[in-house]
There are 2 protein chains.
Amino acid sequence: MRPQQPEIMTPRKEEIYQVAARLFQEKGYRATSVRDLARALGLKPSSLYSHIGGKEEILRKICFDNAERFLEGIGRVEAMQQASAAEQVRALIRLHIEVALHDITSLTVFNDEWRHISEPWLSAFKAMRRDYERRFRQIIERGIEAGEFKPLNPHTILYTILNAVRWLHYSHPAKRDITPQQLERDLLTLLMDGLLKEPQQ
Amino acid sequence: MRPQQPEIMTPRKEEIYQVAARLFQEKGYRATSVRDLARALGLKPSSLYSHIGGKEEILRKICFDNAERFLEGIGRVEAMQQASAAEQVRALIRLHIEVALHDITSLTVFNDEWRHISEPWLSAFKAMRRDYERRFRQIIERGIEAGEFKPLNPHTILYTILNAVRWLHYSHPAKRDITPQQLERDLLTLLMDGLLKEPQQ
DNA sequence: CCTACCGATCGGTAGG
DNA sequence: CCTACCGATCGGTAGG
């Protein structure tokens, strides 16, 4: 279901994907035309099609690449066998900050434009998202059962954390005068102290 | 700059706006055609134009109505002269939950589709948003200065809260088995305990 | 990577 | 609220 990709991209193709991501982020996928993309690259619209299969192929790659990044990340977190649930949630929050700082443009498109993927890929994408959220929620539920976390509704906890970090990019313009380290420390304080029964001092 | 509106809407016009909001939410503004809207209403596309001025007029009304709802809300919060900063932030979180539960469709369009507003309205809309965020941030800063809140970066605090509650609608499907009261209590616990220096027991 | 071009769809108007 | 229609733009293809 996932479009098989050769993983080898020519520099030109890399550039096309990067410029497209920026345009999708700025104007939205539907409002970005193939002509907009061609113009931004200094090409005629038809010339794009020797590099790409179509407009949607770009969107799919961006969305699936990010989905895989998060799924790999949560796999590593789950593999932390000795870790408490609190340490695992902390690692997941760090994962989201990391991905956001790594390529905020691509992450924004992933977050905001995925619904324009057509079937059958859309269903595959949604399944990956559901899988990620289910696994995140399981970690939260284990933390509650272990008495580490407050006995709040696991869905509410999950989506509060996810929304706070998922749309980190909306606060990006305001992040000029803050280091990634400060951002991480403050975010972890806010979210973990709210979650933990006995916040550490 | 704000499009003056007669505030009196015929039932038919109300219906058009409501159906449009639902389509904008489901497919996005750009992906919703005037023909889609007409079909959903059982009309010919051209017939819409005796009720509305154009497609974008609907989007503008939805966005400005919600912006005004939030600005009125923060005005009431600022008027709570005796209140601590903590009580004011709590009231603002409640305001977001209230708006989300009141009309989640309209709020979703406001949050996700505003960028498709054209100038000069777009600038007016952005100014309203900036104003809201500035006033919210001032309350946070007063809480820090008063020693109520942890001395974290005010921007990080603001956007963590805002992102957590602003995209409340993404967790809406999961809210089936939780009452608004439980949702409010859990959200306030998570966010306020993270923020307060000395969380109340 | 180009010229030339396709059918489909877009938001919207004229006139009744 | 309709029929009839507009110019503009859409994603994409043929053929070189």
Side-chain angles (χ1 to χ4, degrees), chain A residues 3 5 8-63 109 112-122, chain B residues 3 5 8-63 109 112-122:
Chain A
Q5 35 170 2
I8 294 127
M9 295 226 290
T10 63
R12 190 56 165 159
K13 196 169 176 180
E14 292 271 20
E15 191 194 356
I16 292 173
Y17 275 80
Q18 210 176 318
V19 171
R22 212 194 58 231
L23 290 175
F24 292 170
Q25 176 192 23
E26 285 169 7
K27 316 168 51 141
Y29 174 75
R30 292 296 291 238
T32 302
S33 67
V34 172
R35 283 155 179 83
D36 289 333
L37 178 55
R39 196 181 314 118
L41 288 158
L43 292 175
K44 297 296 171 185
S46 59
S47 305
L48 279 170
Y49 289 87
S50 40
H51 295 100
I52 60 165
K55 183 187 168 189
E56 198 191 309
E57 185 191 273
I58 302 176
L59 177 65
R60 281 199 300 267
K61 175 154 177 52
I62 294 170
C63 290
V109 174
D112 296 349
E113 307 298 333
W114 60 265
R115 66 171 148 178
H116 297 112
I117 298 171
S118 64
E119 295 292 359
W121 301 279
L122 181 60
Chain B
Q5 36 169 359
I8 294 127
M9 295 227 291
T10 63
R12 191 55 165 160
K13 195 168 177 181
E14 292 271 19
E15 191 194 357
I16 292 173
Y17 274 81
Q18 209 176 318
V19 171
R22 212 194 59 232
L23 290 174
F24 292 169
Q25 175 192 23
E26 285 169 7
K27 317 169 50 142
Y29 175 75
R30 292 296 291 236
T32 303
S33 67
V34 172
R35 283 156 180 82
D36 290 332
L37 178 56
R39 196 180 314 117
L41 287 157
L43 292 175
K44 298 296 172 185
S46 58
S47 305
L48 280 169
Y49 289 87
S50 39
H51 295 100
I52 60 165
K55 183 186 169 189
E56 197 191 308
E57 185 191 273
I58 302 175
L59 177 64
R60 281 199 300 268
K61 174 152 177 53
I62 294 169
C63 290
V109 174
D112 296 350
E113 308 297 333
W114 59 265
R115 65 172 148 179
H116 298 113
I117 298 172
S118 65
E119 295 291 0
W121 300 279
L122 180 59

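Following rounding to the nearest Å, B/Leu43 (CG) and C/dG11 (P) show an atom-to-atom distance of 15 Å. D/dT13 atom C1' lies 17 Å from atom NE2 of A/His51, rounded to whole Å. Protein atom CG of B/Leu48 is 15 Å distant from nucleotide atom C1' of D/dT3, rounded to whole Å. With rounding to whole Å, B/Arg30 atom CZ is found 12 Å from D/dT9 atom P. Summarising the geometry, the separation between CZ on B/Arg39 and P on D/dC1 is reported as 17 Å, rounded to the nearest angstrom. Distance, A/Tyr49 OH to D/dG15 P: 18 Å, rounded to whole Å. At whole-Å resolution of the value, CG in A/Asp36 and P in D/dA8 are 17 Å apart. The interatomic distance linking B/Ile16 (CD1) with D/dC1 (P) rounds to 7 Å, in whole Å.
Here B/Ser46 does not reach the OP1 or OP2 of D/dC2: none of its side-chain N or O atoms lies under 4.0 Å away. The shortest distance between the side-chain N/O atoms of A/Arg35 and the OP1/OP2 oxygens of D/dG12 is not below 4.0 Å. Contact annotation: A/Lys55 reaches the phosphate of D/dG11 (side-chain N/O to OP1 or OP2, under 4.0 Å).
Taking the charged nitrogens against the carboxylate oxygens, A/Arg12 and A/Glu15 do have a contact shorter than 4.0 Å, which makes a salt bridge.
Of the candidate nucleotides C/dC2, C/dG12, D/dC1, C/dG12 has the atom lying nearest to any side-chain atom of B/Val34.
For A/Glu113 (side chain) and A/Leu59 (main-chain N/O), no donor-acceptor pair under 3.5 Å exists by modelled atom type.
Between A/Val109 and A/Cys63, the shortest heavy-atom distance links the atoms O-SG, 4.4 Å. Between A/Asp36 and A/Ala31, the closest heavy-atom pair is OD2-O, 3.6 Å.
Between B/Tyr29 and B/Phe24, the ring-plane angle classifies as perpendicular under the 30° and 60° cut-offs.
Both A/Ser33 and B/Gly42 lie near DNA chain D, and the one whose nearest nucleotide falls closer to the 5' end is B/Gly42.
Remark: D/dG16 base-pairs with C/dC1. Criterion, Watson-Crick or G-U wobble with two distances under 3.5 Å.
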